[in-house]
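Reviewing the structure listed below.
Note that these values count all heavy atoms, side chains included, but never hydrogens, waters or copies made by symmetry. Every chain is numbered from 1, with letters handed out A, B, ... down the list of sequences. Since the structure is predicted, the reported quantities are computational estimates derived from the model, not experimental observations.
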Amino acid sequence: MIPSDYLSVALLIAGAIFFLAGTLGLLRFPDVYTRLHALTKADNVGLGLIVMGLVVQAESWAAVGKLLLIWVLVLLAGASVAHLVARGALQRGIRLWKR
Amino acid sequence: MLQWALDALLGLGLLWLAWCALMSPNLLKAIVLFVAFGLLMALAWVRLDAPDIALAEAAIGAGLTGALLLAALARLRFAYADEETVGSPAQEEAKVRFPQWLPAVPLLLVVAGLGYVVLSLPPYATGLSTEVTANLESSGVSNPVTAVLLNFRGYDTLLELVVLLVALLGVWSLDGLALGRETAPGPVLDTLSRFLTPVFILVAAYLLWVGAHAPGGAFQAGSVLGAAGVLLLLAGWRFRAGLTELPLRLVLVAGPGAFVIVALVTMLMEGQLLEYSPEQASILILFLETTATFSIGATLAALFFGGRPQDDKEHT
C-alpha cells in the first residue's frame, strides 16, 4: 500500500463510523426531530469523509468533480428534506420530545 | 469470500425487504420499503455488472415509481377522507365474492411458468454478446447496450415508448383526481426546485450524450427530466394555460413519433424496418434518443400529475 491508500482507508473508516452513529441515532432517538438531527448531521459528514476517501483514489480531475458534485447535491437535498419533514411534523402537531 | 458475503447479504436483504413491503398493513410503510427495495435492487444490478439497468432501476424503479405510489396514496386518503362507508354492505358483498386466495392461483401459474423457463435454460450460454461485439463497429455507437436498444433491436425500444404513452392515455381516460392546488410550498422547497432544475437538465443532457459510449441513454436521461418535473409540480408549479393542449401532446408523442417516422423512412430506403446505414446510424440514434428523452420526461411528469392537465380558467 502506498501512503495515499492509508489516507483513503482512514477516511473511509471514519466515514463508516459516522454512518454507524447516524443509523444508531435514527433507531434509538426518541422523536422525529432528534432522529432527523442524527440522520442529517451524521450522514452528511459521513458521506463527505467517504467522498474524500474516494477523491484520494480518483484517476482524473473529472472524477473528482463528479464525486464532489454528488456530495454537494446530497448535502442540499438532505438539508432541505430534513427541513420539510420537520415542518410537516410541526404542522401535524407532533410535540418536541422533553425528558 | 468477502464478495460472496456481500452478495449473500444483498440477496437476503432483497428477499426480506420484498416480504416486509408485501406484508406491511401500513401502505405508507409498504411504499417506503418498496423504494428501499428498488435501491438495493440497483446495487444488485451493479454487482451483476449491469450499470445501465442499475441506473434505470434507481431512477425509475425506486425514484419515480415511489413518487407515483406516494401520489396515489395521497389521492386515496383524499378520496376516502370524508366517507364513513368503509364497512358498507356493497363492500362486504365484494369481499364474499372474491376470496382472498383467488389471486394466488394465477400468481402460482406465473411462478410455475417462470420456474420452468429458468430451469430449462442451458447452464452455460454465451448469448448474443459475441455477435453484438462483432457488429458494434457498424452500429454508430460504442456502448453495446445502446447499440442493442437503439439499433439492433430498435423496435423493442419503439414499443416501450408506445407502452409508456398508452399508460398515460389510460390514466387520462380514467379521469381521476389531478394534483390539486397545493398550499404554498415554503421558501425551502421553492429555492431547492429553482436551484436543482438546471442541474437536472444538465445531468439529463450528460446522461443522453454519454449513452453513446458508456452507461446512460434516453430512459435514464428521461427519468431525470421526469424527476425535475415531479419536483417542480411538488413545489407548486403548474402547466401554464395554453401549453396543456397541443404543445404538451406534441412533446409526449415526439419520441414514439420520431421513431415511427425513422422506421418508415429506413424501410423505404434500406428495405428493412429500423435498419440504418452505418454512416447515418450515429446521428439517427442521437436524434431518436433526444426526442425519446423529452417524451419520457414529459410522460413521467404527466403520470405523476395524474388527471388530464387543464387550463386554469376552466376551474375558476
Side-chain angles (χ1 to χ4, degrees), chain A residues 1 5 8-9 12-13 15-16 19-20 22-23 26-27 31-33 35-41 43-44 46-47 50-51 53-54 57-94, chain B residues 2 6 9 13 28-29 32 35-36 39 42-43 46 51 54-55 58-59 62-63 66-67 70 73-74 77 81 182-207 209-210 213-216 220 224 227-228 230-236:
Chain A
M1 286 201 345
D5 286 356
S8 267
V9 167
L12 289 177
I13 290 177
F19 268 103
L20 192 69
T23 312
L26 181 71
L27 292 173
D31 74 345
V32 59
Y33 309 104
R35 282 178 201 158
L36 278 176
H37 168 81
L39 191 65
T40 55
K41 294 281 197 300
D43 279 4
N44 288 342
L47 183 66
I50 282 178
V51 163
L54 294 177
Q57 301 287 325
E59 284 166 1
S60 67
W61 285 106
V64 172
K66 281 184 211 168
L67 283 167
L68 290 177
L69 183 69
I70 290 172
W71 184 38
V72 170
L73 285 176
V74 170
L75 274 178
L76 211 86
S80 307
V81 169
H83 166 84
L84 290 173
V85 170
R87 201 174 75 127
L90 270 180
Q91 280 174 350
R92 281 170 199 211
I94 298 178
Chain B
L2 191 66
L6 185 73
L9 204 65
L28 180 66
K29 208 177 261 182
V32 173
V35 172
L39 290 175
L43 269 184
V46 171
L55 275 173
L70 283 174
L73 182 65
R77 285 186 176 162
E182 300 279 324
T183 50
V188 170
L189 191 55
D190 195 53
T191 314
L192 185 73
S193 65
R194 278 164 205 274
F195 180 81
L196 279 185
T197 305
V199 181
F200 272 120
I201 294 172
L202 195 66
V203 170
Y206 171 75
L207 280 172
W209 183 253
V210 87
H213 57 85
Q220 288 87 348
V224 170
V230 167
L231 184 65
L232 284 171
L233 284 169
L234 283 176

Distance, nearest 0.5 Å, that separates CG of B:Leu189 from CZ of A:Arg87: 8.0 Å
task: Name the region of A:Leu69, side chain, backbone, both or neither, that has any atom closer than 4.5 Å to a heavy atom of chain B.
output: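 A:Leu69 has no heavy atom closer than 4.5 Å to chain B.
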Side chain / backbone / both / neither for A:Leu76 at chain B, heavy atoms under 4.5 Å: both
task: Can you establish whether the number of heavy atoms outside A:Gln91 located under 6.0 Å from its atom CD is more than 12?
output: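 Above 12, so yes.
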All N/O donor-acceptor pairs, side-chain side in residues 196-207 of chain B, below 3.5 Å, sequence neighbours left out:
residue  : atom : partner  : partner atom : Å
B:Thr197 : OG1  : B:Ser193 : O            : 2.5
B:Tyr206 : OH   : A:Lys66  : NZ           : 2.9

task: Sequence neighbours left out, what passes salt bridge (charged side-chain N to carboxylate O under 4.0 Å, His left out) with A:Asp31? Give chain and number order.
output: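 None.
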